[in-house]
Structures are given as C-alpha cells and as structure tokens.
**Q** 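What follows is a single structure, and I will ask about it in a moment.
Quantities reported herein were computed from a predicted structural model and do not represent experimental measurements. Each ligand, and each atom within it, is numbered from 1 in the order the structure gives. Throughout, residue positions are numbered sequentially from 1 according to the sequence presented.
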Amino acid sequence: MKQVIVVGAGPAGLMAAISAAENGADVLLLEKMPSPGRKILITGKGRCNFTNRCELSDFPKHFPNNGAFLYSALRVFDNQDLIDFFSARGVASKVERGGRLFPVSDKALDIVEALTKAVRQAGVKIQTGHTVQSILTEDNRVIGVVCGTETLKADAVVLATGGLSYPGTGSTGDGYRLAKELGHSVTPLAPALIPLETIENWVKELQGLSLKNVEAIVRIDGRKVDSDFGEMMFTHFGISGPIILSLSQAVSKALKQTPAPEIVVDVNLKPALTPETLDKRLRRDFTAVVRKQFKNSLGDLLPAKMIPVIVRLSGIQPDKPVHQITREERLRLVDLLQNLRLGIRGTRPVAEAVVTAGGIEVKEIQPKTMESRLTKGLYFAGEIMDVDGHTGGFNLQAAFSTGFVAGRAAAKIDFKK
Ligand SMILES: Cc1cc2nc3c(=O)[nH]c(=O)nc-3n(C[C@H](O)[C@H](O)[C@H](O)COP(=O)(O)OP(=O)(O)OC[C@H]3O[C@@H](n4cnc5c(N)ncnc54)[C@H](O)[C@@H]3O)c2cc1C
C-alpha cells in the first residue's frame, strides 16, 4: 500500500485525499487550521459557486493564465463529475446566471461537510492543527515531510496549500517556499480578481452603493482592453463587485508595465441606451419637472445616493431650473452618465484577492498527473500552481480537477519509472 501525504485540506487537498484513498493508498491529510475547508465556507458569499455549466472545451478560455495546462485534468474530472460527486453525497445543485452552480441549500457548509464525510468514508486519516514545515527528499525522490517535531514517511506528497489570499483561512503561501526548497520556480505572485483603488475620492460618498446592469470598460493609455456588463459596487477605497473583479485581471497585468500606463475604468450607467435616446429621455424627464432645480430632477434616472455626485461632476449649477439647462450642458451630462471615468491607482493587496495570480511554474509539472518534473513523488493541486480563473466557479473546479488527478496518480506512483 502506498503512503500518501496530502498537505492542505482546501478543496484541492480534500479531493486529492479522497481520490488517493479510493485508489488504494494509505492517506494522511495534514491541515494547519483547526478545521478543513475554511476558504470554501466564504466562497460565493457563503453560498459556494463550486463549478460552471459551460462546455468543457470553453473552460481553458476562462483561465487567463495557463488554461491549456488544465485541460487534461478537466477531461479526467469535469464539471459533470463534480456535480455527480456532490449529488451522490446528498448535495443537490442549481444553476444560476452565467452557468454558475451552487448547492440548492445556498450553504457552502454543505459542500465542506460532504467533502469531510467523503474523506472519512474513504479511510483518510485527517489531522488538523498540523503545519508542514518541509518536504524531505532522497536522491530526488520524496520520502516524507516534517510536521512540528515529527518526521512522517511518505511515498508521495501532494502539495495543496493554496495561494496568498485571505490568509485568515490558512492560505499563507507556505507551499511556495516548500516547493522552492526543492528547486521549483514560482512565477511572480499578484492579486487576481481583486477590488480596484481609484484616484477619485468621491467614491467614498457612494460607499456601499451597488449598481446593476451597468457596463464597465478598462482603458490602458486610452485603448480599450476589456469590458464587462453586470453588477458593481462602490467602496471607501474605490470599486468592487463581480464585473470589477473580472476586469481586475487586465488591470493587474497593466500595473506590471514600466513605465506605468494610464489606467481608467469608464462606467456606462445606461448601457441599454444610445446617447441620442438617453438625451431624449433627459429632455422628457426635464419637461416633466420643468420648475424643479437641476439637483432635484434626476430621481427617476439615478439612485438617490448618486445624484449629488453626478450633479457636481456635471458642472451644471445645482440650483439651475431645468428649463434653463442648455443643450450643450445636457449633452455633457449624457456623456458623463455613459462614461463615468475612474482613474485607477492600483489594486487592493493580494490578501484581499479572490485568487492569487502566479505560482508554481506549470512547465515544471506534468499536466496528466500533476507530478513535479523535478522531484519524483511530489504532486501539486489547486491554486498553488500558476493558474487563476475568472469568477463563475472556475477556480474551485480547477482545484477539484487537479486534486482528483494528483491524488489518483500519487496512489499509483511507480518508483521504477
Ligand atoms: C472571498 C472568496 C470567495 C471565493 N469564491 C469563489 C467561488 O464562489 N467560486 C470559485 O470557484 N472560487 C472562489 N474562490 C476561490 C477559491 O476559493 C480558491 O481558488 C480555492 O479555495 C483554492 O483551493 P486550494 O485547495 O488550492 O487552496 P485553499 O482553499 O487556499 O486551501 C489550502 C489549504 O492548505 C492549508 N495549508 C496551507 N499551508 C499549510 C501547511 N504548511 N501545512 C498544512 N496545511 C497548510 C490551508 O490552511 C488551507 O486550508 C473564492 C475565494 C475567496 C477568497
């Protein structure tokens, strides 16, 4: 019986442990936090968007970095396999906007409980509160790990310690050091799916305001590089919400350029209207409230919290009666409503990112088994690798698929090869 040690009980490690045990290995799962799956509990705002319904062939497109590397693992264990895995363990799922899958109960806890139950049923020994400090090798082959004062023997080790984001869940980047000590390269680590800090201070006045059905466009040195439609929100430091998180991948990339380019996000508050129809709409609204002052005339068009900001940015006198607003002023207002410009100063720190971009160089990992090309018996799974996906369940699917493949290969390790 092969001895397999899995380091980290996140989605990747839990799945790797189940898969290794179901393939006949004697498995020990070591987790440094007091309980497994801490990060899963906060995914999808506590509802856990665990995968996406999209076609398998489309999955790699949802990973801006190294999507093709994941293809073999996804083919072995795809979104339907994951849906079936949870369904067989009593967690029924439902599809929402954009093909996102959630447990019917809307409880991430159900996902964690299904995984921990499966771990136990598969005969995995799980030890929480155990931090792995180093991986031991002999003649370029894994022989065990050091955990506290103990040395634990293993034929194979699966490293599934996650990235650097939300360190309070246990993801503090230990695995990068452990892998580097064995000669692996770690590509530059940066936040991905991260809120953006703006130059404009007026965002503070809008803190907590969420806007639905808006379009946001990222422009780098004036050139449009990405756009998204949906929901965003204002925070005390800038902007966040689903469409901003997806656009942040383009922003993170641009921030690495030298000299620093000019990065802006233009928000179209009325994307369904052409400038002409929006102008018509404004004329109609103004005619209906002809005696009102400008500052009191936008109630049908904008959320109340936003009106003072838009009035100020428009440059139109707030007390001006609407019938005195000139055509030029109105057209300026149309442009403002459809191109609300926000200068981007940077992203929030990696600790606040949904995922970490960068990680173990995938060229040093065999895509079919997740085994290290440098050290026999060392396997990787999940976010520790240089792969990061869009929002929509892609990151968890990647963690589960690579965990499944790594665990199975670790259980079947052949020392003669
Ligand atoms: C707020 C938030 C919301 C998210 N929502 C979604 C979503 O809805 N859908 C989606 O697809 N993705 C989502 N993600 C991303 C997703 O959660 C991660 O990509 C995924 O959890 C990565 O899995 P992992 O197993 O590789 O790592 P992790 O989940 O980070 O697990 C790593 C584990 O390793 C343990 N560990 C670390 N070092 C050691 C050590 N030295 N010894 C022992 N144990 C160790 C950690 O304690 C941790 O339990 C979200 C992330 C965040 C932060």
Side-chain angles (χ1 to χ4, degrees), residues 5-17 28-52 59 62-63 79 82 96 98-103 106 108 111-112 115-116 126-135 145-148 152 157-179 191-195 240 242 245 348 350-357 359-360 370 380-385 387-404 406-407:
I5 289 182
V6 179
V7 187
L14 287 159
M15 188 57 86
L28 174 61
L29 173 57
L30 298 169
E31 166 56 50
K32 73 171 174 187
M33 297 301 281
S35 59
R38 289 270 170 125
K39 191 174 274 178
I40 301 175
L41 292 175
I42 58 164
T43 57
K45 295 191 179 143
R47 296 168 60 223
C48 189
N49 169 206
F50 66 91
T51 187
N52 194 286
F59 257 88
H62 290 281
F63 291 84
N79 46 2
L82 189 58
E96 293 192 6
R100 293 166 159 82
L101 271 118
F102 293 86
D106 282 331
I111 296 285
V112 176
L115 287 162
T116 45
I126 175 161
Q127 291 185 347
T128 52
H130 280 66
T131 304
V132 169
Q133 281 114 350
S134 62
I135 298 172
V145 302
V146 175
C147 184
L152 305 163
V157 169
V158 180
L159 204 47
T161 47
L164 275 178
S165 71
Y166 282 71
T169 63
S171 320
T172 47
D174 299 12
Y176 302 128
R177 177 182 57 80
L178 298 176
L193 301 179
I194 182 81
S240 186
L245 294 184
R348 293 296 281 171
V350 68
E352 292 175 33
V354 172
V355 274
T356 306
I360 310 296
M370 298 294 141
F380 296 100
E383 202 180 310
I384 186 173
M385 298 184 287
V387 282
D388 55 282
H390 291 157
T391 57
F394 296 101
N395 288 296
L396 282 173
Q397 179 69 52
F400 286 124
S401 296
T402 54
F404 181 90

**Q** Can you confirm, on distance only, whether ligand 1 has an N/O atom lying under 3.5 Å from any N/O atom belonging to D174?
**A**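 Yes; the residue has a nitrogen or oxygen that sits under 3.5 Å from a nitrogen or oxygen of the ligand.
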**Q** For atom 22 (C) of ligand 1, what's the nearest protein heavy-atom neighbour? Residue, atom name and distance, please.
**A**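 Ranking protein heavy atoms by distance from atom 22 (C) of ligand 1, first comes E383 OE1, 3.4 Å.
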**Q** Measure the CD1-OH distance between I360 and Y176 for me, rounded to the nearest 0.5 Å.
**A**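 OH of Y176 is found 7.5 Å from CD1 of I360.
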**Q** Looking only at N/O atoms, are V355 and ligand 1 under 3.5 Å apart anywhere?
**A**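 The answer is no, given that V355 and ligand 1 share no N or O pair closer than 3.5 Å.
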**Q** With heavy-atom distances below 4.0 Å as the criterion, list the atoms of ligand 1 near V7.
**A**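 It comes down to these atoms of ligand 1: 42 (N), 43 (C).
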**Q** Are the side chains of E383 and V355 in touch, meaning some heavy atoms are under 4.5 Å apart?
**A**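 They are in contact (side-chain heavy atoms under 4.5 Å apart), so the answer is yes.
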**Q** Evaluate the side-chain proximity of L14 to P36: yes if any heavy-atom separation is below 4.5 Å, no if none is.
**A**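 A side-chain contact exists here, since the closest heavy-atom pair is under 4.5 Å.
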**Q** Nearest 0.5 angstrom please: H390 NE2 to N395 CG, how far?
**A**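 If I round to the nearest 0.5 Å, the distance is 9.5 Å.
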**Q** Below 4.0 Å from ligand 1: does a non-hydrogen atom of D388 turn up there or not?
**A**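 Under 4.0 Å: no for D388.
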**Q** Check this for me - ligand 1, T131, N or O atoms closer than 3.5 angstrom, yes or no?
**A**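 No, since none of the N or O atoms of T131 sits under 3.5 Å from an N or O of ligand 1.
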**Q** Side chains of N49 and L396: closer than 4.5 Å at any heavy-atom pair?
**A**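 Side-chain contact under 4.5 Å: no.
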**Q** Under 3.5 Å, N or O to N or O, is L396 touching ligand 1 that way?
**A**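 Among all N and O atoms of L396, at least one is under 3.5 Å from an N or O of ligand 1.
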**Q** How far is atom 53 (C) of ligand 1 from the closest protein heavy atom, and which atom is that?
**A**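 The protein heavy atom lying closest is Y166 CD1, 3.2 Å.
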**Q** Any side-chain heavy atom of T128 within less than 4.5 Å of one from P34?
**A**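 The answer is no, as the side chains (C-beta and beyond) never meet within the 4.5 Å cut-off.
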**Q** Looking only at heavy atoms, what is the nearest atom pair of A353 and S165, with distance?
**A**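 Reported closest heavy-atom pair: O-CB, 2.9 Å.
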**Q** If you measure from each non-hydrogen atom of T391 to ligand 1, which part falls under 4.0 Å: side chain, backbone, both or neither?
**A**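 The answer is neither.
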**Q** Just which atoms of ligand 1 are under 4.0 Å from any heavy atom in L30?
**A**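 That gives atoms 43 (C), 44 (N) of ligand 1.
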**Q** For atom 29 (O) of ligand 1, find the nearest protein heavy atom and state the residue, atom name and distance (0.1 Å precision).
**A**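 For atom 29 (O) of ligand 1, the nearest protein heavy atom is P11 CD, 3.3 Å.
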**Q** Is any N or O atom of E31, backbone or side chain, closer than 3.5 Å to an N or O atom of ligand 1?
**A**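 It does: an N or O of E31 is found under 3.5 Å from an N or O of ligand 1.
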**Q** Among all protein non-hydrogen atoms, which one is nearest to atom 42 (N) of ligand 1, and what is the separation to 0.1 Å?
**A**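 Answer for atom 42 (N) of ligand 1: V132 N, 3.0 Å.
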**Q** Working to the nearest 0.5 Å, report the span between CZ of F394 and CD of Q397.
**A**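 Interatomic distance, F394 CZ to Q397 CD, rounded to 0.5 Å: 9.5 Å.
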**Q** So if I count the atoms of ligand 1 from 1 in the order they appear, which ones are less than 4.0 Å from some heavy atom of G382?
**A**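 Those qualifying, in numeric order: 26 (O).
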**Q** Under 4.0 Å from a heavy atom of H130: give me the atoms of ligand 1 that qualify, with their elements.
**A**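 Close to H130: 42 (N), 43 (C).
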**Q** Starting from atom 39 (C) of ligand 1, find the nearest protein heavy-atom neighbour and note its residue, name and distance.
**A**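 So the nearest neighbour among protein heavy atoms is T161 CG2, 3.6 Å.
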**Q** Measure the distance from atom 50 (C) of ligand 1 to every protein heavy atom, then report the residue, atom name and distance (to 0.1 Å) of the closest one.
**A**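 The closest heavy atom on the protein side is V354 CG1, 3.3 Å.
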**Q** List the closest protein heavy-atom neighbour of atom 8 (O) of ligand 1: residue, atom name, distance to the nearest 0.1 Å.
**A**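 Of the protein heavy atoms, G44 N, 2.9 Å lies nearest.
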**Q** Give me the residue, atom name and distance of the protein heavy atom closest to atom 34 (O) of ligand 1.
**A**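 The closest heavy atom on the protein side is G8 CA, 3.2 Å.
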**Q** Would you say the side chain of N79 lies within less than 4.5 Å of the side chain of F59, judging by non-hydrogen atoms?
**A**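 When only atoms from C-beta onward are counted, N79 and F59 do touch, with a gap below 4.5 Å.
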**Q** Given side chains that start at C-beta, do those of S171 and Y166 come closer than 4.5 Å, heavy atoms only?
**A**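 Side chain of S171 against side chain of Y166, heavy atoms only: no contact under 4.5 Å found.
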**Q** In Å and rounded to the nearest 0.5 Å, what is the OG1 to CG distance from T169 to L41?
**A**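 Those atoms lie 10.0 Å apart.
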**Q** Is the closest N or O pair between T172 and ligand 1 shorter than 3.5 Å?
**A**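 N/O-N/O distance under 3.5 Å: no.
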**Q** Quick check on contacts: which atoms of ligand 1 are under 4.0 angstrom from a heavy atom of N395?
**A**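 Numbered from 1, ligand 1 contributes 11 (O), 12 (N), 19 (O).
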**Q** Can you find an N or O of C48 that's nearer than 3.5 Å to an N or O of ligand 1?
**A**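 For ligand 1, there is no N or O atom that lies under 3.5 Å from one belonging to C48.
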**Q** Where does C147 meet ligand 1, judged by heavy-atom distances below 4.0 Å: at the side chain, the backbone, both, or neither?
**A**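 Under 4.0 Å from ligand 1, C147 contributes no heavy atoms.
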**Q** Hey, which atoms in ligand 1 end up nearer than 4.0 Å to a heavy atom of M33?
**A**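 Here the atoms of ligand 1 in question are 47 (O).
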**Q** Do I135 and L159 touch side chain to side chain, with heavy atoms closer than 4.5 Å?
**A**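 Yes; the side chains approach each other to less than 4.5 Å.
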**Q** State whether the shortest distance between N or O atoms of K32 and N or O atoms of ligand 1 falls below 3.5 angstrom.
**A**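 Yes: some nitrogen or oxygen of K32 is under 3.5 Å from one in ligand 1.
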**Q** What is the distance from atom CG of L30 to atom OG1 of T161, rounded to the nearest 0.5 Å?
**A**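 Reported value, rounded in 0.5 Å steps: 12.0 Å.
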**Q** Can you name the atoms of ligand 1, numbered from 1 with element, that are less than 4.0 Å from a heavy atom of A12?
**A**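 Listed by number with element, the hits are 25 (O), 26 (O).
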**Q** So which atom in N52 and which in L101 form the shortest heavy-atom distance, rounded to 0.1 Å?
**A**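 Heavy atoms only, the tightest pair is C-CD1, 3.9 Å.
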**Q** Are the side chains of L245 and P195 in touch, meaning some heavy atoms are under 4.5 Å apart?
**A**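 Yes; the side chains approach each other to less than 4.5 Å.
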**Q** So if I count the atoms of ligand 1 from 1 in the order they appear, which ones are less than 4.0 Å from some heavy atom of F394?
**A**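 Near F394, meaning under 4.0 Å from one of its heavy atoms, ligand 1 has 11 (O).
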**Q** Please round to the nearest 0.5 Å and tell me the distance separating atom CG of L28 and atom CG of L152.
**A**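 Nearest 0.5 Å value for the CG-CG distance: 6.0 Å.
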**Q** Under 3.5 Å, N or O to N or O, is T43 touching ligand 1 that way?
**A**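 Between T43 and ligand 1 (N or O atoms, distance only) the closest approach is not under 3.5 Å.
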